[in-house]
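Just so you know, residue 1 is the first one in the sequence shown, and it goes up from there. Here the structure is a predicted model, which means the values were calculated and not measured.
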Amino acid sequence: MNPVKFEIPLRYKVLFVFLTWGALLLFFFIRYDSYGIDENAARALMFVWSIVDGVAHPVVVLGAPDFRALLFIPIGLMWTGNIAAAKILTLLVMAASSLLLYDWADRTLGRESALIATGLLLVSPLAITQIDSLGAGPYLLLATGLGFWLDRTYRAEPRPLGGWYFSQIFLIGLSVSLHPAGLAYPISLAWHWYRNPVDVRQQRHYYFGIAAMTIFVLLIRMGWSDLPWLQNPIRIFAMLVTGPIDLISTAGWMTGAVIAAILLFTLFKSPSRTFGNLGGRTLALGVVLGSLSADFSWAMLVLAFLLYVGIARIIEIHDSIPGEGFLVKRGGVFFLIFVLATAFMLNNRGDYEYRKIFPLSEEDKLLGAVALVARSEQNKHILVASQWPGKTMITCQCDVLPLPSPAKDPATQLAMLKGINYMVFNPRDPKNEILSRNLALLGEQTETVALRGSGVVIRIR
């Protein structure tokens with residue numbers, strides 16, 4: 001008798017891998033307090049929680065939140081005030097993004113490079129940090145992978161103004177509201193319909209929908225005023241391997257310079273192939289447009305582009321080398337996997353050990369001081385003006401407004417502070433230079449409550 005063979009279906013193997021990956025992150029790398037959250041994500045969460053609880057929210061003062069607020073509505077309805085639920089949602093978004101990017105890369109770059117890139121992306125320190133901080137990076141990757149899948153699904157059975165059409169229009173709103181890199185998706189989709197229209201009528205539908213949603217989001221969000229602009233990207237490139245850190249060594253700067261050179265080579269090595277399909281064009285344009293605001297969310301796009309497109313290029317180079325054998329055909333690829341996987345795992349472990357000793361960053365310690373001051377006031381109503389109003393609101397659970405605009409003289413500045421009990425901001429930030437000087441000249445009418453490397457807490461008497 002032939003022995004019975006038991007073969008586990010592929011989908012169950014994939015599910016097991018993702019469950020293991022998610023469990024490791026939830027148990028060892030994700031924190032469940034109110035610290036370390038991205039400012040825009042904090043505003044979106046507070047917006048949803050305030051609506052669910054029927055509490056007034058200063059949306060006019062803080063500005064409209066990004067479209068992550070719409071994705072947070074279900075968890076806001078079921079678990080109001082629960083930050084862990086938002087982090088689990090972001091983890092699921094990262095898992096979905098990686099599967100969608102794998103599908104895109106498998107169809108356009110090859111299964112081998114798609115599998116390698118997806119595995120390295122999931123264990124990268126940057127991806128784990130973005131999940132823990134509720135960063136915009138996983139959602140930008142979702143726009144890239146889901147946009148490619150939605151376009152194929154729509155074209156397989158094109159129904160004018162159907163559900164798949166409006167799904168793409170909503171995805172444009174989500175992408176554009178997050179970051180300047182999010183403009184890559186509507187631009188890429190418009191170009192795709194210009195080069196490959198189903199028919200003229202549906203082409204007009206897409207042109208109108210893309211333009212209307214992009215303009216609408218830019219108007220209600222008033223751009224991206226709360227993002228850093230024209231930052232040095234070399235520092236961000238170094239953190240693709242190490243993850244976000246406060247200080248970078250000389251070796252780190254050299255690593256960043258090497259990664260920048262590799263990125264330029266990968267972008268322009270074969271532009272016709274890089275920009276030849278919707279997914280690759282969206283990813284590449286996101287890297288280019290997002291460089292105006294080089295932050296960790298943009299770094300996620302850079303990392304994904306280097307892994308998926310860069311590894312595919314390396315495999316092509318190996319295939320063109322004459323000869324046979326593993327070392328000839330895949331030696332460089334194997335060495336790259338070994339180096340990156342080792343670096344990622346060592347830095348993940350180092351970050352885990354470091355956070356056990358120093359659980360809070362300097363900025364979080366400053367917000368912790370605000371929360372301590374708020375609790376010391378007992379039942380008194382206090383109003384805080386903060387450079388980070390969303391995170392401050394979640395941390396201290398008090399009423400928070402953004403910083404007042406700098407005035408021409410200290411007396412005018414004091415009049416603008418009427419009703420405000422405390423202020424928290426970074427005096428070293430160039431935007432706060434005039435404000436910091438005015439407060440310093442007010443003398444006894446202000447008192448420094450806490451002073452940290454990341455900022456100061458001031459009581460207004």
Side-chain angles (χ1 to χ4, degrees), residues 10-19 21-22 25 67-68 70-71 88-124 126-128 130-131 135-157 163-179 181-189 192 274-287 290 297-312:
L10 178 61
R11 61 181 179 273
Y12 293 124
K13 295 178 182 178
V14 174
L15 179 61
F16 174 77
V17 170
F18 275 95
L19 287 176
W21 169 77
L25 262 61
F67 275 32
R68 276 179 294 183
L70 299 177
L71 301 181
I88 292 174
L89 173 65
T90 306
L91 185 144
L92 294 176
V93 167
M94 185 65 213
S97 301
S98 65
L99 287 174
L100 290 166
L101 288 174
Y102 172 83
D103 178 67
W104 157 71
D106 181 27
R107 295 173 182 273
T108 59
L109 300 172
R111 177 163 297 182
E112 184 180 3
S113 61
L115 186 62
I116 295 171
T118 302
L120 290 174
L121 180 67
L122 289 174
V123 299
S124 64
L126 186 60
I128 296 173
Q130 282 284 288
I131 294 171
Y139 297 88
L140 289 172
L141 292 181
L142 180 69
T144 301
L146 187 58
F148 180 77
W149 182 84
L150 285 173
D151 178 73
R152 288 193 302 105
T153 305
Y154 179 87
R155 289 171 180 271
E157 189 178 347
W164 296 123
Y165 168 81
F166 286 104
S167 297
Q168 293 176 79
I169 299 303
F170 170 77
L171 192 61
I172 290 172
L174 172 66
S175 179
V176 173
S177 70
L178 293 171
H179 197 277
L183 287 170
Y185 178 55
I187 294 174
S188 181
L189 186 61
H192 190 57
T274 302
F275 294 86
N277 60 82
L278 179 61
R281 184 166 53 246
T282 302
L283 206 55
L285 285 176
V287 171
S297 300
W298 170 72
M300 280 294 296
L301 292 178
V302 176
L303 179 62
F305 179 80
L306 287 174
L307 289 177
Y308 284 97
V309 181
I311 290 176

Taking the side chain as every heavy atom from C-beta outward, state whether [X] and [Y] have any pair of such atoms under 4.5 Å apart.
X: Met94; Y: Leu121; value: yes
X: Leu99; Y: Asp103; value: no
X: Trp104; Y: Leu109; value: yes
X: Val176; Y: Phe67; value: no
X: Val17; Y: Leu122; value: no
X: Phe148; Y: Leu100; value: no

Counting only pairs under 3.5 Å, give me each side-chain donor-acceptor contact of residues 297-310, with atom names and distances, residues two or more places apart or in other chains.
residue, atom, partner, partner atom, Å
Ser297, OG, Ala136, N, 3.3
Trp298, NE1, Val287, O, 2.8
Tyr308, OH, Thr118, OG1, 2.8

Return the minimal non-hydrogen interatomic distance between [X] and [Y], and the atom names on each side.
X: Ser175; Y: Leu140; result: O-CD2, 4.1 Å
X: Ile128; Y: Val123; result: CD1-O, 4.3 Å
X: Thr274; Y: Ala284; result: CG2-CB, 3.9 Å
X: Leu171; Y: Gly147; result: CD2-N, 3.5 Å

At what distance, to the nearest 0.5 angstrom, does [atom1] of [X] lie from [atom2] of [Y]?
X: Thr144; Y: Arg281; atom1: OG1; atom2: CZ; answer: 12.0 Å
X: Tyr12; Y: Leu19; atom1: OH; atom2: CG; answer: 12.5 Å
X: Ser188; Y: Leu183; atom1: OG; atom2: CG; answer: 12.0 Å
X: Ile131; Y: Leu89; atom1: CD1; atom2: CG; answer: 11.0 Å
X: Leu142; Y: Leu101; atom1: CG; atom2: CG; answer: 9.0 Å
X: Arg152; Y: Leu278; atom1: CZ; atom2: CG; answer: 10.5 Å

Next item on the list: Go through the steps for Leu285 and Phe275 under the test side chain to side chain contact (heavy atoms under 4.5 Å, CB included), then give the verdict.
Entry: CA-CA 8 Å; Leu285 285 176; Phe275 294 86; 4.1 Å; yes
Note to self: Surrounding CZ of Phe170 (heavy atoms of other residues, nucleotides or ligands, distance under 6.0 Å), is the total greater than 12?
What the structure shows: yes
Item checked: Parallel, tilted or perpendicular: ring planes of Trp164 versus Trp149, cut at 30 and 60 degrees -> perpendicular
Item checked: Evaluation steps, side chain to side chain contact (heavy atoms under 4.5 Å, CB included), between Leu120 and Ile311 -> CA-CA 11 Å; Leu120 290 174; Ile311 290 176; 4.0 Å; yes
Notebook entry, point to check: Asp151: what forms a salt bridge (Lys or Arg N to Asp or Glu O under 4.0 Å) with it, not counting sequence neighbours?
Noted result: Arg155
